[in-house]
Each structure stands twice: as structure tokens, then as C-alpha cells.
Amino acid sequence: DVKVTQSSRYLVKRTGEKVFLECVQDMDHENMFWYRQDPGLGLRLIYFSYDVKMKEKGDIPEGYSVSREKKERFSLILESASTNQTSMYLCASRGTGRPNTIYFGEGSWLTVV
Amino acid sequence: QQQVKQSPQSLIVQKGGISIINCAYENTAFDYFPWYQQFPGKGPALLIAIRPDVSEKKEGRFTISFNKSAKQFSLHIMDSQPGDSATYFCAASTGQAGTALIFGKGTTLSVSS
């Protein structure tokens with residue numbers, strides 16, 4: 001069964017802290033994604049990676065960075081957390097070829113105080 | 001041109017009624033149009049998807065209608081049930097490697113019993 005695992009479901013961090021959100025997939029997918037979900041704004045793409053050590057900016061990369069050292073793991077990093085980064089973060093993965101089904105993790109709820 | 005516009009933002013339907021959610025796009029290079037369903041506290045999951053070579057796809061009570069010339073597609077939920085209450089996202093992508101799904105802003109559906 002397809003599995004995208006986000007290790008932290010709920011986090012509370014202080015302003016200025018460095019935050020790591022980890023994501024692991026077990027489907028040997030080449031593509032991995034980080035989305036941010038906010039009410040009324042839908043799913044907005046932060047960064048994605050189509051191969052190990054490769055990354056591409058999405059629509060809202062400011063204040064975030066990513067790391068993909070291994071194919072199965074894609075990390076989202078908030079270098080200095082701010083209150084406007086309080087949100088739900090969704091990791092996803094997708095293989096190459098068709099269909100283009102993207103599989104999501106359960107989400108990480110981050111509160112920055 | 002990368003946007004996918006989704007409407008309505010919220011929808012209330014009586015049990016047994018038909019729920020209809022609409023999406024429109026501009027990028028004619030899009031060739032994959034999925035719908036995702038998300039329950040509270042969960043990540044989105046693929047519900048049904050269509051490619052532009054067909055005008056309609058049906059899976060159980062869920063149907064996608066696709067109008068290529070109008071660049072619109074819609075989700076119809078027949079005989080809506082309270083268990084269908086969720087947030088629905090339309091999305092689109094091209095077949096190019098290294099590209100991400102572009103999501104609409106979501107529709108919150110409530111089916112009243």
C-alpha cells in the first residue's frame with residue numbers, strides 16, 4: 001500500500017526557531033512535493049524535487065528551504081520560523097510516467113508562537 | 001496561465017441531492033485533471049481523474065465532465081450522502097517530467113441529513 005509518512009503531526013515552535021519537517025515515502029517515487037494548506041487559499045506549492053539533490057521552487061518558496069539527500073526522504077526547513085508560517089504542511093510524492101497520481105501524507109500542523 | 005479556478009468555495013446539499021463543483025483552466029498544455037477528496041485531519045486522496053481525450057468519466061456516484069473547448073471540468077456527486085462531506089480539490093498538470101500538480105482553492109461540501 002502506498003505510504004507517505006510525515007513524522008511530526010503537530011508541532012508548536014517559537015518565532016525565530018529553525019524547524020524541520022520530515023517526509024518519507026516508500027514507493028520509490030522520483031518526485032516529491034511540499035504544499036502548504038490554508039483556509040480559502042487551497043494547496044500552495046512551496047518546493048518540489050524531481051530527483052535526489054534536485055529542487056525547484058514552487059509558488060511560495062520564501063522563508064523555506066528543502067533537502068533531498070536520499071530518494072525516499074524530502075525535508076522542509078523553516079530557517080527562522082515566523083507566525084505567518086503557522087499552517088498545515090502536506091508532503092506528497094509521485095512516480096514518473098502515467099498516471100500522474102500524487103499521494104499525500106497526513107499533514108503536519110505547525111503553530112508558531 | 002498556471003491557475004486553476006474552482007467554484008463554489010462552499011456548498012450545502014441535501015442528502016440524496018446532486019453536488020456539482022466546477023473548475024476552469026487556461027493552460028492548454030494541461031492533460032491530466034484529477035479531483036482530490038480531503039476529510040478533516042487527513043491528507044487529500046485521489047478520488048477520480050480524467051484526461052482530455054474523453055468528455056466524461058464515471059466511478060460509482062462520482063462523475064467528471066470535461067469540456068475541452070471551454071477549458072472547464074466539473075465533478076458531479078450523485079445521490080450525495082453525509083459521508084461525502086469533505087473538501088474537494090480539482091487539479092491539473094501537464095505530462096512534462098518535473099512538473100507539479102496545480103490545485104484549485106477547494107470546495108467545502110456539507111451534505112445534510
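Here is the naming used below: chain letters follow the sequence lines, and residue numbers restart at 1 for every chain.
The local environment of CD in A:E17 is crowded, with over 12 non-hydrogen atoms from other residues, nucleotides or ligands closer than 6.0 Å. Taking a 6.0 Å sphere around CD of B:E56, one finds it holds more than 12 heavy atoms contributed by other residues, nucleotides or ligands.
Counting only residues at least two apart or on different chains, the disulfide (SG to SG under 2.5 Å) pairs with a member in residues 10-63 of chain A are A:C23-A:C91.
Within residues 33-42 of chain A, the residues having any heavy atom under 4.5 Å from a heavy atom of chain B are, by residue number, A:F33, A:Y35, A:Q37, A:G40, A:L41, A:G42.
Between atom OH of residue B:Y32 and atom CD1 of residue A:I102 there is a gap of 9.0 Å, rounded to the nearest 0.5 Å. For the atom pair B:L101 CG and A:F48 CZ, the distance stands at 11.0 Å (nearest 0.5 Å). Taken to the nearest 0.5 Å, the CG atom of A:L45 stands 6.5 Å off from the CD1 atom of B:I102. To the nearest 0.5 Å, the span separating CG on A:L90 from NZ on B:K42 amounts to 12.5 Å.
Cluster annotation: A:V24 and A:M54 are assigned to distinct hydrophobic clusters (Ile/Leu/Val/Met/Phe/Trp/Tyr, side-chain heavy-atom contacts under 4.5 Å, transitive). In the hydrophobic clustering of ILVMFWY residues, with side-chain heavy atoms under 4.5 Å counting as a link, A:M27 and A:M32 come out apart. When the side chains of ILVMFWY residues are joined at heavy-atom separations under 4.5 Å, either directly or via intervening members, B:V13 and B:I21 end up in a single hydrophobic cluster. Residues B:I50 and B:I77 are members of one and the same hydrophobic cluster, defined by side-chain heavy-atom contacts under 4.5 angstrom among Ile, Leu, Val, Met, Phe, Trp and Tyr. Note on B:L75 and B:V54: same hydrophobic cluster, where clusters join Ile, Leu, Val, Met, Phe, Trp and Tyr whose side-chain heavy atoms are under 4.5 Å apart, directly or indirectly.
B:P44 touches chain A through backbone and side chain together, each having a heavy atom under 4.5 Å away. In this structure, chain A has a heavy atom under 4.5 Å from the side chain of B:Q38, while its backbone stays farther away. Using a 4.5 Å cut-off between heavy atoms, A:M88 touches chain B through its side chain atoms alone. Contacts between B:L46 and chain A at a heavy-atom distance below 4.5 Å involve the side chain alone, from C-beta outward. When heavy atoms are compared at a cutoff of 4.5 Å, A:R44 does not approach chain B at all. In this structure, the portions of A:L43 lying under 4.5 Å from any heavy atom of chain B include both its backbone and its side chain.
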